[in-house]
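A quick write-up on the structure given underneath.
Predicted, not measured: the structure shown is a model, and the values here were computed from it.
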Amino acid sequence: MEFDADADEIMLPALAASMPIVGRDPHLNDLLRRYAEEALAHRPGLRGSNHSRVEGLMPQLLPHGRVELSEVARQLGMSSRTLSRKLRDEGVTFAEVLDRLRSALAQRYLSDRELPITQIAWLLGYQEVSSFTHAFKRWTGTTPREFRLSNCVPARGAPIALEARDKADDERQGGT
């Protein structure tokens with residue numbers, strides 16, 4: 001095991017590739033990809049821009065905490081400085097793109113009552129739920145739990161359990 005490595009990876013023998021994956025959740029993966037695509041689709045006039053290319057890469061990097069200018073620039077085949085300049089020419093900074101995307105994805109993820117707030121925080125690249133809660137409150141003026149309760153239609157048979165779980169997440173992290 002190597003800490004502070006440049007990548008999150010596990011090396012396995014080639015034979016492991018033919019083994020079935022136990023515990024994967026293709027439904028959840030498809031759902032989250034669709035949510036990210038929906039959130040990005042509502043961004044007018046960005047198709048083909050560097051801004052949209054950056055936004056397209058971010059959702060896959062967020063859960064791993066690797067959404068950094070240098071990593072996104074590397075994946076786009078340019079230097080960090082060039083990417084910063086191109087984004088500035090489009091009237092936006094890397095930090096603004098990241099913040100806006102996180103806000104849009106957070107609101108979309110919270111509309112799915114099946115996703116616990118702790119998992120949403122991880123999907124958005126936050127190591128602590130409290131960091132996500134503070135950012136969400138800055139974006140919307142409410143906590144994730146309050147947003148979910150006021151903006152979502154309760155899921156059949158699950159609202160009480162989900163509300164209790166969300167409240168426990170908030171209390172554990174010092175939120176309301």
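Here OG1 of Thr93 is found 9.5 Å from NE2 of His51. Values are rounded to the nearest 0.5 Å. A distance of 4.0 Å separates OH of Tyr126 from CZ of Arg102, quoted to the nearest 0.5 Å. Separation of atoms CG (Leu149) and CZ (Arg113) is listed at 6.0 Å; rounding is to 0.5 Å. Going from atom OG1 of Thr133 over to atom CD of Glu146 covers 10.0 Å, rounded to the nearest 0.5 Å. To the nearest 0.5 Å, atom CG of residue Leu123 and atom CG of residue Leu62 are 8.5 Å apart. Rounded to the nearest 0.5 Å, atoms CG (Leu76) and CG (Leu83) are 6.0 Å apart.
The shortest non-hydrogen separation linking Val129 to Ile117 is CG1-CG2, 4.0 Å. Listed here is the closest heavy atom pair of Ser70 and Ser80: CA-OG, 3.2 Å. Nearest heavy atom pair, residue Phe132 against residue Ala121, reads CB-CB, 3.7 Å. When all heavy atoms of Met58 and Leu101 are compared, the pair lying nearest together is CB-CD2, 3.4 Å. For the residue pair Phe94 and Val54, the shortest heavy atom distance occurs at CE1-CG1, 3.9 Å.
Counting only distance, with no hydrogens or angles, the side chain of Gln119 and the backbone of Pro116 share no donor-acceptor pair below 3.5 Å. Using modelled atom types, one side-chain atom of Glu90 and one backbone atom of Asn50 make a donor-acceptor pair closer than 3.5 Å. Distance alone, capped at 3.5 Å, is enough to place a donor-acceptor pair between the Arg148 side chain and the Asp112 backbone. The closest donor-acceptor contact from the side chain of Thr140 to the backbone of Lys137 lies at 3.5 Å or more, if one exists at all. Looking only at distances, no side-chain donor or acceptor of Ser103 sits under 3.5 Å from a matching main-chain atom of Asp99. Judged by distance alone, the side chain of Glu71 and the main-chain N or O of Glu68 form no donor-acceptor pair under 3.5 Å.
Between Phe136 and Phe147, the angle of the ring planes goes over 60°, which puts this pair in the perpendicular group of the 30/60° scheme.
Residue Arg138 qualifies as enclosed at atom CZ: its count of foreign heavy atoms under 6.0 Å is above 12.
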Mind running side chain to side chain contact (heavy atoms under 4.5 Å, CB included) on Leu105 and Ile120 for me, showing each step along the way?
CA-CA 9 Å; Leu105 289 174; Ile120 293 170; over 6 Å; no
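For the 3.5 Å distance criterion, the side chains of Gln107 and Ser111 fail to qualify, holding no donor opposite an acceptor.
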